[in-house]
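Keep in mind it's a predicted model, so treat the numbers as computed, not measured. Just so we're on the same page: letters track the sequence lines, and every chain starts at 1.
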Amino acid sequence: MFDRVIENWLTRLNERMLEIPFCQLLTSEGYQVVHLTRHGPQEDGKDILAIAPDGTPCAYQLKSVKGGKLSQSAWAKYVEQADRLVRLPIVHPSIDPRQPRRVFFVLNGELEEEVRTQIVLLNDQWKSQSLPSLEVIVKGDLFKRFKNINTNFWPITLSSEKTLLEFFLSPGNGYLDKGKFAEFILSLVPLLENGPRNLDSSRFLASAAILSTYALLPYYEQENHVAIIEGWVVFASTLIAFVEKNSFEKDYWFDTLSVALLAIEQAFENLVVELKERKNFLQGNPLSDLPFYQGRTTWLVGLVAAYAIWTSLRNSEKDHQWFKEFVTQYILKGHLWGEGAVPQYLSGIWFLRRTIGSREPDILLHQLIQAICKLNKDGSGLANPYKGLPEVVLETNGLSDSMKSEHYKGRSYTLEALIQLLVRRNWRRPIRDMWFDITHIELVEVIPDEPWQMCLWHIEEQGKFYSLMPKTPQSWAELRQQSHEVDLNLIPRAFQEYPELFLLFTIVYPQRLTKNTAKFLDSALDRRNIRKRE
Amino acid sequence: MLPDFPDEKAKFMAFWERYADLVREKNLGFISDIVSYSQPEGGRWQLDRNDGTSSESAYHLVSSKISLKDEEILTLNLADILKKFAELGMEMASQMSSYFYQSLREISTQTGNIVNAHGQPFNKDVFLQSIEAVGLSFDDRGQPLHPAIVMNPHLWESIKDDIAEWETDPEFVRRHEAIIVGKKEEWRVRQSNRKLVD
């Protein structure tokens, strides 16, 4: 059955969808992927650059025939690109252009006989000019290699297969069930007491990455970019939990994480392209979209702002003006549908703070605190961050399947984080004016026993549920001191190194936005503190 | 196996469980009025209060079960099922109440917030001492939000007729009002402390 999944999956991929899993395949085989072309026609015919385990530089051009055969007429369109792939040396800082290279034409189908003959003839020509031969990887080769990963490196259990099939067969146009996806990834990367060796872990992390691409296929087909982003963030978080728990050396997992980050970037680029083309954010049946519309707007603002910060920290700042216009235009058109929206708002606030200065974003931060206090005082409180947008919308509209309604008023998971951010900004008078109402709200958070547990979707037996009733009276000096204290021991090292990923993580895992997390990000994303990554 | 209908039967079970919840809430009495929240994560719980005290505890499991004998399964009717879930709800209420009062006793003993009647019957003096020992809140109109009084039903039977008599005793009324005035002042001070200082 699993073979059928792989085969079916291979035939459904287009070129862009093949890129990430192919990179993960190479990583699992010990290759170092050094470049993935982002978008647009390649000038030198190279989609992927990698360094083989023996140090040989390799260049790949990927094409899709969705399981069919590449015809002569189709090949005629590609032959020029293939020629460039062979002729032009690999230009990349990690690769010596004088070193002998290998070049590959990768196809998720087969070649018609005439095409195969033409390639043989071309290879003779190229060889006579001391150029490398064009090696061809077709569907059968791809199938064997993808199958080998999962057979050799880590057995997939029957229940994991079932979950994989459920995702694989899902329509892909809905909200990604993050809890279920996290559980699926966790089943592939077990957090063992006595963990495997570094090298084994490297292989089965790559294997887990490829299984993740199988599971996310329907979302790729539907171009459900947000679900793809979330899926890869869940994968990256589980990877981080695994490597930090077992203290694996970076060399053995960094490549797999890098490809996951590439997948996230690719999905973001596609999302931005779509948003630029849209006149509105309606999706699906318009008659029942209204209850979700504003929440979706807030979500998109949070994601776009996070991506803007991502590109800025990764030295690939582009579309800066568009990011600024988008976030500025829509941040006030959204809706605080639940505490799950707070990281989305914070993402926008942090981006605007870096872009337009501190006044308006800090006002928005203040308004966020006021809104939470008011909802707890006069309303029914705010849904906790364990509830996603669709669940909250159904609950609010009396359409929830659950017979028992949950109580939210009088408790908040995110308020303390927001207060400490405003205190950092020395907004004493507004805090003073709100303190009376704040003292009626229980401030809660979950504190994992160890930092890697933060990366899990759910911590059951371990960790502490911490509850604080605000002090009466409260010393401003004490608040100020607390607002600057960040405990790095509570934050996984990988997130400290990649705050842009950490920010995205809090949007995908809003239940992990604690005061410590928020303060860390506030400092890490402050333009004055940023050291751009080399 | 024979044909089964697990998804549809799950809807029935959800309905019965909700019924058991309602029975539980009814039998908990005022305890079910205390606001409760779900706590999705964590193996233990720490509470830091606004007076600076703190306590940490593990979670206490409350559980019950429904047993069915083979011979009764085929003869079950709606009333029987309702009875079983009602028993479940009452058992859960009983366990939760026990734990609630046990915790209350432990905390009261720890904080010393106990009135010892020294063997006296529950009379006006003991009642007034008890009121004095608890914190009282007031609503927006300045009216006291009286606490719930929980007592043994036999004790209630023995004193319920006396209470009407207490309310005609001018000395009792004067002392009661003085306590309420004092409590209001304490509440006012607590409210005025809901502020930022220095």
Portion of B:D51 that has a non-hydrogen atom of chain A nearer than 4.5 angstrom | neither
Engaged part of B:V35 at the chain A interface, taking heavy atoms whose separation is under 4.5 Å =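 Answer is side chain: those atoms of B:V35 sit under 4.5 Å from chain A.
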What do the steps show when you test B:L196 against A:I431 for side chain to side chain contact (heavy atoms under 4.5 Å, CB included), and what is the final call?
-> CA-CA 8 Å; B:L196 268 187; A:I431 296 283; 3.5 Å; yes
The reported gap from OH in A:Y466 to CG in B:L47 (rounded to nearest 0.5 angstrom) is 8.5 Å
Summary of salt bridge (Lys or Arg N to Asp or Glu O under 4.0 Å) pairs that have at least one residue in residues 90-110 of chain B, sequence neighbours excluded =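 Found none.
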Go through the steps to decide whether B:R44 and A:E461 satisfy the test salt bridge (charged side-chain N to carboxylate O under 4.0 Å, His left out), and finish with yes or no.
-> CA-CA 8 Å; B:R44 59 196 189 284; A:E461 299 296 323; over 6 Å; no
What part of A:F436 gets closer than 4.5 Å to chain B, counting heavy atoms only: side chain, backbone, both or neither?
-> both
Pick one of side chain, backbone, both or neither for A:Q453, based on which atoms fall under 4.5 Å of a heavy atom in chain B.
-> neither
Among A:I459, A:D433, A:L468, the residue with the most heavy-atom pairs under 4.5 Å to chain B is A:I459
Looking only at A:E406, A:R432, A:R411, A:H407, the option with the highest number of non-hydrogen pairs under 4.5 Å against chain B is A:R411
Residues 69-87 of chain B vs chain A, non-hydrogen distance cutoff under 4.5 Å, contacting residues -> none
Contacts of residues 54-64 of chain B with chain A (heavy atom under 4.5 Å) | B:E56, B:Y59
Does [atom1] belonging to [X] count more than 12 external heavy atoms closer than 6.0 Å?
X: A:K180; atom1: NZ; answer: yes
X: B:Y101; atom1: OH; answer: yes
X: B:E25; atom1: CD; answer: yes

For B:S38 and A:Y413 the tightest heavy-atom approach is O-OH, 4.0 Å
Check whether the side chains of A:N384 and B:Y37 place a donor and an acceptor atom closer than 3.5 Å, and report yes or no.
-> no
Test item: side-chain donor near acceptor, B:Q46 and A:S467, under 3.5 Å = no
Proximal to chain B - members of residues 469-483 of chain A, heavy-atom separation under 4.5 Å | A:M469, A:P470, A:K471, A:T472, A:P473, A:Q474, A:S475, A:W476, A:A477, A:L479
Should A:H458 and B:E41 be marked as a side chain to side chain contact (heavy atoms under 4.5 Å, CB included) after you check the CA-CA gap, both sets of side-chain angles, and the distance that decides it?
-> CA-CA 7 Å; A:H458 185 81; B:E41 291 184 290; 3.7 Å; yes
